[in-house]
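So the structure is just underneath, and the comments pick up after that.
Lettering follows sequence order; numbering is per chain, from 1. The basis for the numbers below is simple: all heavy atoms, side chains too, and nothing from hydrogens, waters or symmetry mates. All values reported here derive from a predicted model rather than from experimental measurement.
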There are 2 protein chains.
Amino acid sequence: MTAVSDDLEGRAPQERSTRQKRAIAAALDSSDAFRSAQDIYTELRARGENVGLTTIYNQLRALAEAGELDVLRGDDGETHYRRCGTEHHHHLVCSECGRTVEVEGPEVERWASRVAAEHGFVEVAHTVEVLGTCASCARKKAAHS
Amino acid sequence: MTAVSDDLEGRAPQERSTRQKRAIAAALDSSDAFRSAQDIYTELRARGENVGLTTIYNQLRALAEAGELDVLRGDDGETHYRRCGTEHHHHLVCSECGRTVEVEGPEVERWASRVAAEHGFVEVAHTVEVLGTCASCARKKAAHS
DNA sequence: GGCGCTATCGGAAGTGCTTGCAGATAAGCT
DNA sequence: AGCTTATCTGCAAGCACTTCCGATAGCGCC
């Protein structure tokens with residue numbers, strides 16, 4: 001039988017540090033923009049790191065569930081991930097070039113809690129995404145016409 | 001050959017009113033919640049209306065592009081559509097039972113425009129979703145433990 | 001250092017949503 | 001009624017992602 005004593009119910013889940021995990025973490029660190037799983041796969045491949053696509057999906061999902069990554073569904077169905085601190089913030093995304101700016105919104109936080117409370121909701125989370133055209137892209141478009 | 005004179009370049013795009021279009025419009029009107037294409041397909045089927053799934057996708061996409069529908073990508077990859085008045089508002093969704101409450105947030109609107117302007121963004125749109133547990137579900141959960 | 005347990009990897013196959021295609025259907029005009 | 005052509009429809013391809021399961025390789029133990 002097993003030599004492992006199972007009366008240890010509080011034991012840590014044995015997280016292992018592997019080459020693949022480090023590669024993925026490094027790829028995420030190398031840029032603070034949102035990247036898709038496929039992006040990271042391509043990048044690692046190009047860098048010579050041999051990591052399976054499945055592994056990347058698994059890892060990204062795990063990290064996202066652990067709260068270490070921000071998740072954002074694009075309009076094309078792709079899921080984008082991004083390293084995320086513990087602090088809460090929102091994003092201002094340029095729909096032309098994809099540039100992302102982090103913004104904070106105390107008013108929004110207050111508004112969300114107030115509205116939720118008014119309707120009896122508890123344990124509230126919220127998502128705010130502001131999409132627009134950034135200054136340089138707007139200039140570019142204006143110059144075009 | 002054709003009796004149609006093609007020197008009429010400004011003619012209307014000949015939109016036809018079909019049974020299927022009316023059925024889809026009716027289905028959308030029957031509820032003000034977000035529905036997926038598949039939902040509508042199932043509903044129409046159950047109602048005896050025979051409408052192809054492809055038609056529903058086409059129609060929904062067309063309506064969305066015409067600005068008559070709100071589009072929202074769910075976390076599971078499904079696209080949800082909803083009849084959209086001209087007025088702008090947001091949603092408070094119960095993560096347990098799915099109940100949806102429409103809310104307004106003038107502060108949020110102001111905040112979004114301000115933040116966007118601060119970073120030089122123009123043509124801004126924004127999405128706000130507040131997710132929580134509604135009063136009755138919270139009670140249910142509390143009674144359980 | 002060597003060994004075994006098991007978390008993790010990773011290719012292939014599967015899943016579910018969405019869309020392109022080409023022939024069939026029917027709306028609206030004459 | 002007859003014709004033109006927008007619209008419908010099922011099929012199957014495309015895709016982003018997940019699941020399966022045998023193979024691989026950390027990490028603790030001896």
Legend entry - Length of the OH-C1' vector between A:Tyr41 and D:dT18, whole Å: 16 Å
Inset, instruction - Check the angle between the aromatic planes of A:His90 and B:Trp111 and answer parallel, tilted or perpendicular using the 30° and 60° thresholds. - result: perpendicular
Inset, instruction - Start with the C-alpha distance between A:Glu43 and A:Arg35, add both sets of side-chain angles, then the distance that settles side chain to side chain contact (heavy atoms under 4.5 Å, CB included), and finish with yes or no. - result: CA-CA 10 Å; A:Glu43 178 176 327; A:Arg35 349 268 298 273; 2.3 Å; yes
Inset, instruction - Could you tell me the separation between the CZ atom of A:Arg61 and the C1' atom of D:dA16, rounded to a whole number of Å? - result: 13 Å
Legend entry - Strand-adjacent residues in residues 48-59 of chain A, judged by heavy atoms under 4.0 Å from DNA chain C: A:Asn50, A:Val51, A:Gly52, A:Thr54, A:Thr55
Inset, instruction - Check whether any side-chain heavy atom of B:Val124 sits under 4.5 Å from a side-chain heavy atom of B:His126, and report yes or no. - result: no
Legend entry - Atom-to-atom span, CD of A:Gln38 to P of D:dC15 - whole angstrom: 10 Å
Inset, instruction - Can you sort out which residues in residues 16-24 of chain A have a heavy atom within less than 4.0 Å of DNA chain D? Ascending by number, please. - result: A:Arg16, A:Ser17
Inset, instruction - To the nearest 0.5 angstrom, please state how far the CZ atom of A:Arg83 sits from the CD atom of A:Glu68. - result: 6.0 Å
Legend entry - Donor + acceptor pair across side chains of A:Gln20, A:Thr55 (<3.5 Å): no
Legend entry - Rounded interatomic separation in angstrom, taking CG from A:Leu72 and P from D:dC17: 12 Å
Legend entry - Interatomic distance where CG belongs to A:Leu44 and C1' belongs to C:dC9 [whole Å]: 14 Å
Inset, instruction - Report which part of the nucleic acid A:Ser36 touches: base, sugar-phosphate, or nothing (heavy-atom distance under 4.0 Å, all strands). - result: nothing
Inset, instruction - Kindly state each residue pair satisfying ring-ring contact (aromatic ring centres under 6.0 Å, His included) with at least one member in residues 27-72 of chain A, sequence neighbours excluded. - result: A:Phe34-A:His91
Inset, instruction - May I have the distance from B:Glu15 (atom CD) to D:dT5 (atom P), rounded to whole angstrom? - result: 18 Å
Inset, instruction - To the nearest Å, give me how far apart CZ (A:Arg73) and P (C:dT18) are. - result: 11 Å
Inset, instruction - Check whether any side-chain heavy atom of B:Val115 lies under 4.5 Å from a side-chain heavy atom of A:Leu92, and answer yes or no. - result: yes
Legend entry - Whole-Å distance separating the CZ atom of A:Arg45 from the C1' atom of C:dC9: 13 Å
Inset, instruction - Inspect the surroundings of CZ in A:Arg22 and state if more than 12 heavy atoms from other residues, nucleotides or ligands are less than 6.0 Å away. - result: no
Legend entry - Within-4.5 Å side-chain heavy-atom neighbours: A:Leu28 and A:Leu60: yes
